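Numbered from 1 within each chain, the chains take letters A, B, ... in sequence-line order. For clarity, every value in this text was computed on a predicted model and none was experimentally measured.
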There are 2 protein chains.
Amino acid sequence: MTELEKGPQGRRRGRGARERILSASQQLFREQGINRTGMDQLCAAAQVSKRTAYQHFTGKDELVAEYLRRFDPSVLSGVFDRTDLTPRERLLAAFDIPPATPLCPYIGAAVELHDPQHPASQYARDYKKAVAARLADTAREAGAAEPEQLGEQLALLIDGAAARTRVLNADAFPTAAAIAAVLIDNAIPASSPRQPSDDRGTTGSAPVPVGGE
Amino acid sequence: MTELEKGPQGRRRGRGARERILSASQQLFREQGINRTGMDQLCAAAQVSKRTAYQHFTGKDELVAEYLRRFDPSVLSGVFDRTDLTPRERLLAAFDIPPATPLCPYIGAAVELHDPQHPASQYARDYKKAVAARLADTAREAGAAEPEQLGEQLALLIDGAAARTRVLNADAFPTAAAIAAVLIDNAIPASSPRQPSDDRGTTGSAPVPVGGE
DNA sequence: CCGTAAGCACACAGAGCGGTGTACATAACA
DNA sequence: TGTTATGTACACCGCTCTGTGTGCTTACGG
């Protein structure tokens, strides 16, 4: 609120229409789903005219893809960079998600759009692969015997917890965390939890994927 | 094809419109999703006039709920009754699903409908709970230390594999099966895989739930 | 033989959807 | 001052969706 909020008809009312549109997307798409959120409602929530919205995005599809791309997952970005935790603790921290998370939006988008070729679906795939890769990197760092396998397994647990939470309307992440603990204990040869600040670079998977296969 | 198939305008053309409608639902809802399948298309596929459809079902919502209710999951009904397998093998067999399974329709319905109060969503919850209960029963039968916990964990693995398969467009059930094997080995105190035909009754969870909370 | 039940064909209503066209208003910059 | 970029307000198009209304056809049963 520095120089923004010019007036009822001012040129820019809150630093760019784009941001407001994407911000409204974050809320509405997650609360109501993608298909059930019309462009009219979304523009109204963003306080942006529909005409403007279609000058920033060629269509709803592009908007949905951007929405997913802009989604900054608290889990991913927050967990993997925490050098105060051991790799092993980092792996487990991936299951400590805040309870106010309705559903992994990537799964939701893939199911709702129902088209694997949709840009958003492609990004969802890329993202999920990236998460698994990051988990694998951390597993390797933790000294796991087969880090790729463990990463894939932990990723599956996260997705399972997300899906089950949605269907049952009850938090399933504690169960997933319990399984994760077992898997990690089995995979790491009962030794070598590396020091926290000893971060030899991860093998180098990007924090966020860009292209679509 | 005994006395059915009367003619182009015969009174009954395949033993009841209801069956044909539900049969077409099984196919279309799974292939295309619920929201993307209109009643027009569905009625055309079922060779039933729209008017007739709405005399059998008060609306699409009821039809969707019936569709889920009639869904006979090959996994559930097939696996738990196989007395030729040990309980432990039965638990693992739950992950041997045929590769031609697009997505667990219960998850799909819960995500697509996006309303926990929808009859179909409620049934999906009940069904998922029933599966977990059956798994827990089998785990108990197999001599697991904490069967309820193991049942919930295996159920989470199944859901995770289903969700991940959908998002990644690649079969994730082998990974889930690998995890399941680890969990089962850890939970069963390295003894007592009961004889195949020794079926003392399971604790008694219904094969399919009926009411919705 | 006639009534009734079941179904069909078809048009239509009402709403919501994604997306566009048009005319106008404001602010920055030349 | 005038131009241009950006945005608004609002009507509108074509489409699809769920759901009905209406009248006709067929088969069965008393």
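Residue B/Glu19 contributes atom CD, which lies 14 Å from atom P of C/dA6 at whole-angstrom precision. Whole-Å rounding puts the A/Arg18 CZ to D/dG7 C1' distance at 15 Å. Computed from coordinates, the B/Glu62 CD to D/dG19 C1' distance equals 14 Å when rounded to whole Å. Atom CD in B/Gln55 sits roughly 18 Å away from atom P in D/dT18 (whole-Å rounding). The distance between atom CZ of B/Arg20 and atom C1' of C/dC8, rounded to the nearest whole Å, is 11 Å. Separating the CG atom of B/Leu42 from the C1' atom of D/dT18 is a distance of 13 Å, rounded to the nearest angstrom.
Applying the 4.0 Å criterion to OP1 and OP2 of D/dT6, one finds that A/His56 has every side-chain N and O outside that range. Of the side-chain N and O atoms in A/Thr52, none sit less than 4.0 angstrom from OP1 or OP2 of D/dG7.
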What are the atom names and distances for every N/O pair under 3.5 Å that joins the protein to nucleotides 13-20 of chain C?
unit_1: C/dG18; atom_1: OP1; unit_2: A/Lys60; atom_2: NZ; d: 2.5
unit_1: C/dG18; atom_1: OP2; unit_2: A/Met39; atom_2: N; d: 2.7
unit_1: C/dG19; atom_1: OP2; unit_2: A/Tyr54; atom_2: OH; d: 3.1
unit_1: C/dG19; atom_1: OP2; unit_2: A/Lys60; atom_2: N; d: 2.8
unit_1: C/dG19; atom_1: N7; unit_2: A/Lys50; atom_2: NZ; d: 3.0
unit_1: C/dG19; atom_1: O6; unit_2: A/Lys50; atom_2: NZ; d: 2.4

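A salt bridge between B/Glu148 and B/Arg140 is present, with a side-chain N of the basic residue lying under 4.0 Å from a carboxylate O of the acidic one. The residues B/Arg134 and B/Asp81 are annotated as salt-bridged, a charged nitrogen and a carboxylate oxygen being separated by less than 4.0 angstrom. Using a cutoff of 4.0 Å between basic side-chain nitrogens and carboxylate oxygens, B/Glu66 and B/Arg18 are not scored as salt-bridged.
Cation-pi geometry between B/Arg36 and B/Phe29 is not met: the NZ or CZ atom fails to fall both under 6.0 Å from the ring centre and inside 45° of the normal.
A/Arg125 places a side-chain N or O within donor-acceptor distance of the main-chain N or O of A/Pro116, the cut-off being under 3.5 Å.
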Working note: B/Phe173 + B/Phe95, criterion ring pair (Phe, Tyr, Trp, His ring centres under 6.0 Å); need CA distance, chi angles, decisive distance, verdict.
CA-CA 6 Å; B/Phe173 277 87; B/Phe95 294 87; 7.0 Å; no
